[in-house]
Amino acid sequence: MKGYYQPAGVVGLVNWAWILMVGLAALIMQLEVTHFNVWTAVLLISFIALMLFTILRRKLMVDGNFVYLTQLFSSTRLSVHIDEIEHAQFTRRGLIFDYNGDSYNVVLSSKVRNAIKEKLGE
């Protein structure tokens, strides 16, 4: 099962706030200058590229007894063994769990969430 995830809580909120600030800067540049110029185009393209990069780079794959998380700026993926997940708590839109002393709070699609729930036996 493959899918995408996003960090939940304050981390996700701050992440998307910075990305939306680039989009807001493009809008302000457009409104201030009153016509579409090069700087507006650069900011708009940067905003779209950042959004796509942020969404498409965070991949999650459930394979056998592992959950693989591809993180945003890491060249390697985080391999989480299903049996070593501690304190798994399913929320309405995601999963909160502890692994290797670190706490993770992610937003998942319902298909991926149900696949992990099935693997954990809950």
Side-chain angles (χ1 to χ4, degrees):
M1 170 69 53
K2 292 181 181 181
Y4 298 100
Y5 76 95
Q6 290 296 318
V10 176
V11 173
L13 184 66
V14 169
N15 185 354
W16 281 104
W18 279 105
I19 292 170
L20 290 174
M21 283 175 49
V22 175
L24 185 63
L27 179 66
I28 290 171
M29 182 63 74
Q30 161 68 34
L31 293 174
E32 282 295 320
V33 181
T34 68
H35 64 279
F36 196 79
N37 62 13
V38 135
W39 298 111
T40 305
V42 167
L43 286 171
L44 186 62
I45 291 169
S46 299
F47 171 66
I48 293 170
L50 276 170
M51 271 191 2
L52 289 174
F53 180 74
T54 301
I55 292 170
L56 298 177
R57 180 73 175 129
R58 290 188 172 126
K59 295 179 185 172
L60 181 134
M61 187 172 70
V62 180
D63 184 32
N65 287 331
F66 285 93
V67 175
Y68 301 106
L69 298 163
T70 304
Q71 296 170 334
L72 195 59
F73 293 113
S74 178
S75 61
T76 61
R77 61 186 182 181
L78 176 66
S79 302
V80 177
H81 196 277
I82 295 279
D83 296 332
E84 295 177 15
I85 291 178
E86 300 172 346
H87 310 111
Q89 182 180 20
F90 290 93
T91 61
R92 189 170 60 162
R93 298 191 186 269
L95 172 64
I96 301 169
F97 65 95
D98 293 333
Y99 180 74
N100 244 6
D102 293 325
S103 183
Y104 297 91
N105 185 2
V106 294
V107 177
L108 305 167
S109 69
S110 59
K111 284 193 247 182
V112 174
R113 188 177 158 276
N114 291 335
I116 293 173
K117 197 174 199 178
E118 185 180 298
K119 293 281 184 182
L120 287 172
E122 293 188 19

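- Contact between A26 and T40 at its shortest, heavy atoms only, is O-CG2, 3.7 Å.
- Distance NZ/K119 to CG/N65: 6.0 Å, rounded to 0.5 Å.
- The distance from the CZ atom of R92 to the OG atom of S110 is 12.5 Å, given to the nearest 0.5 Å.
- Minimum heavy-atom separation, V62 to V112: CG2-CG1, 4.5 Å.
- In the hydrophobic cluster analysis, where Ile, Leu, Val, Met, Phe, Trp and Tyr join through side-chain heavy atoms closer than 4.5 angstrom, I19 is grouped apart from L13.
- No donor-acceptor pair closer than 3.5 Å links the side chain of R58 to the backbone N or O of Q6.
- Hydrophobic clustering of Ile, Leu, Val, Met, Phe, Trp and Tyr side chains at less than 4.5 Å, counting indirect connections, keeps M61 apart from V67.
- Hydrophobic clustering keeps V14 apart from W16 (ILVMFWY residues linked when any side-chain heavy atoms are closer than 4.5 Å, directly or through intermediates).
- Counting heavy atoms of neighbouring residues, nucleotides and ligands inside a 6.0 Å radius, atom CH2 of W39 does not exceed 12 of them.
- Minimum interatomic distance between A88 and L120 (heavy atoms only, all atoms of both residues): CB-CD1, 3.8 Å.
- No donor-acceptor pair under 3.5 Å is formed between the side chain of N100 and the backbone N or O of D102.
- Under the 4.5 Å side-chain heavy-atom criterion for Ile, Leu, Val, Met, Phe, Trp and Tyr, F90 and I96 are members of distinct hydrophobic clusters.
- The closest side-chain heavy-atom distance from M21 to F47 is not below 4.5 Å.
- Note: I48 CD1 to L52 CG = 7.5 Å, rounded to the nearest 0.5 Å.
- Checking side-chain atoms of D63 against main-chain N and O of F66 turns up no donor-acceptor pair under 3.5 Å.
- Aromatic ring centres of Y99 and F97 lie farther apart than the 6.0 Å criterion allows.
- Counting only heavy atoms from C-beta outward, the side chains of Y5 and L69 approach each other to under 4.5 Å.
- Of all heavy-atom pairs spanning A115 and M1, the tightest one is CB-CG, 4.0 Å.
- Atom CG of D98 sits about 10.5 Å away from atom CG of N105, to the nearest 0.5 Å.
- Hydrophobic clustering places L20 together with L56 (ILVMFWY residues linked when any side-chain heavy atoms are closer than 4.5 Å, directly or through intermediates).
- Annotation: the span from T70 atom OG1 to Y4 atom OH amounts to 10.0 Å, rounded to 0.5 Å.
- At a threshold of 4.5 Å between non-hydrogen side-chain atoms, the residues L50 and W18 do not count as touching.
- For the atom pair CG of L95 and OH of Y104, the computed distance is 12.0 Å after rounding to the nearest 0.5 Å.
- For R57, the CZ atom counts as densely surrounded, since its 6.0 Å shell holds more than 12 non-hydrogen atoms of other residues, nucleotides or ligands.
- Nearest heavy-atom pair, N15 versus P7, reported as atom, atom and distance to 0.1 Å: ND2-CG, 4.5 Å.
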